[in-house]
Amino acid sequence: MKEPTSKWIIRYKMEIRVIKQEEDIKTYYQLLHKAITEEAQFFRVSPTDIVGETFPTEDTFDSFTLGAFDENDDLLGTVGFKRESILKLRHKGLIFRMYVAPEAKGLGLGRKLLQAAVERAKQGEGLKQIVLTLIADNHRAKNLYLSEGFEVFSFEKNAIRMSEELFVDENAMVKYL
């Protein structure tokens, strides 16, 4: 009996790697701009917020951005991680700017990126918890995080101002290591 081939393997041969090269950083910002423009309802940043921004992470266990690249070296997803720098908060880190391009949604790429980020972050000594925030009605993302061991610990009504008249709620989630 022939084993079934997954949609993932058929469609994409992926490499998840740290974004640190200048060309990858440029590609990252192109994808991020597309994400916060076309899917603004899921982000707390706007295109003007990232103009002239210094790349937010380094290449350490305490600060990194991962990218999922296909066989053509196209960036299809990202996730960032930063550990707290204050001594009394160093046991915590933050997952941020997680995004999967529309053409790669539903293939498990978000899960693979999240798992890779958590595994890399755990290599830093003394990390005890990872937090993240998300738009409260982003059920697809929330379900992914819940299935990976995160739990909701906060709800903030009208946390993000999307436009003059529109505010959205935000959840904070945590995963204890």
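Residues: numbered from 1 along the sequence shown.
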Which residue is it: H33, E39, K34? I am looking for the one with a side-chain contact (heavy atoms from CB on, under 4.5 Å) to T37.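 Only one of H33, E39, K34 forms a side-chain contact (heavy atoms from CB on, under 4.5 Å) with T37, namely H33.
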Separation between [atom1] of [X] and [atom2] of [Y], rounded to the nearest 0.5 Å:
X    : Y    : atom1 : atom2 : result
E103 : L109 : CD    : CG    : 10.0 Å
M98  : Y145 : CE    : OH    : 4.5 Å
L75  : R17  : CG    : CZ    : 8.5 Å
I25  : L32  : CD1   : CG    : 13.0 Å
M162 : R44  : CE    : CZ    : 10.5 Å
E71  : E15  : CD    : CD    : 11.5 Å

Could you tell me which non-hydrogen atom of [X] sits nearest to which non-hydrogen atom of [Y], and how far apart they are?
X    : Y    : result
L132 : L94  : CA-CD1, 4.0 Å
I36  : A40  : O-CB, 3.3 Å
T57  : S63  : CA-OG, 3.2 Å
A101 : L31  : CB-CD1, 4.2 Å
R83  : G126 : NH2-C, 3.3 Å

[X] (side chain) donor-acceptor with [Y] (main chain) under 3.5 angstrom:
X    : Y    : answer
T65  : T78  : no
N143 : R140 : no
K92  : V131 : no
D70  : M14  : no
K82  : P56  : yes

Are [X] and [Y] in one and the same hydrophobic cluster, where Ile, Leu, Val, Met, Phe, Trp and Tyr link if side-chain heavy atoms are under 4.5 Å apart?
X    : Y    : answer
I19  : Y99  : yes
I95  : L66  : yes
I50  : F55  : yes
I160 : F96  : no
L146 : V174 : no

I'd like to check [X] versus [Y] (side-chain heavy atoms, cut-off strictly below 4.5 Å). Are they in contact?
X    : Y    : answer
V168 : D137 : no
F150 : I130 : yes
F61  : F81  : no
V118 : K175 : yes
K128 : L177 : no
Q41  : I135 : no
Y28  : R97  : yes

Flag if over 12 foreign heavy atoms under 6.0 Å of [atom1], [X]:
X    : atom1 : result
Q123 : CD    : yes
E22  : CD    : no
L87  : CG    : no
L166 : CG    : yes

Tell me whether D59 is salt-bridged to R120, with the criterion being a basic N under 4.0 Å from an acidic carboxylate O. yes
Residues R90, D62: salt bridge by 4.0 Å N-O rule: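 D62 and R90: salt-bridged.
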We want to know whether T27 and D24 form a side-chain donor-acceptor pair, criterion being a heavy-atom distance below 3.5 angstrom. no
Strictly by modelled atom types, are E151 and Y176 linked by a side-chain donor-acceptor pair under 3.5 Å?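 Distance-only check fails for E151 and Y176.
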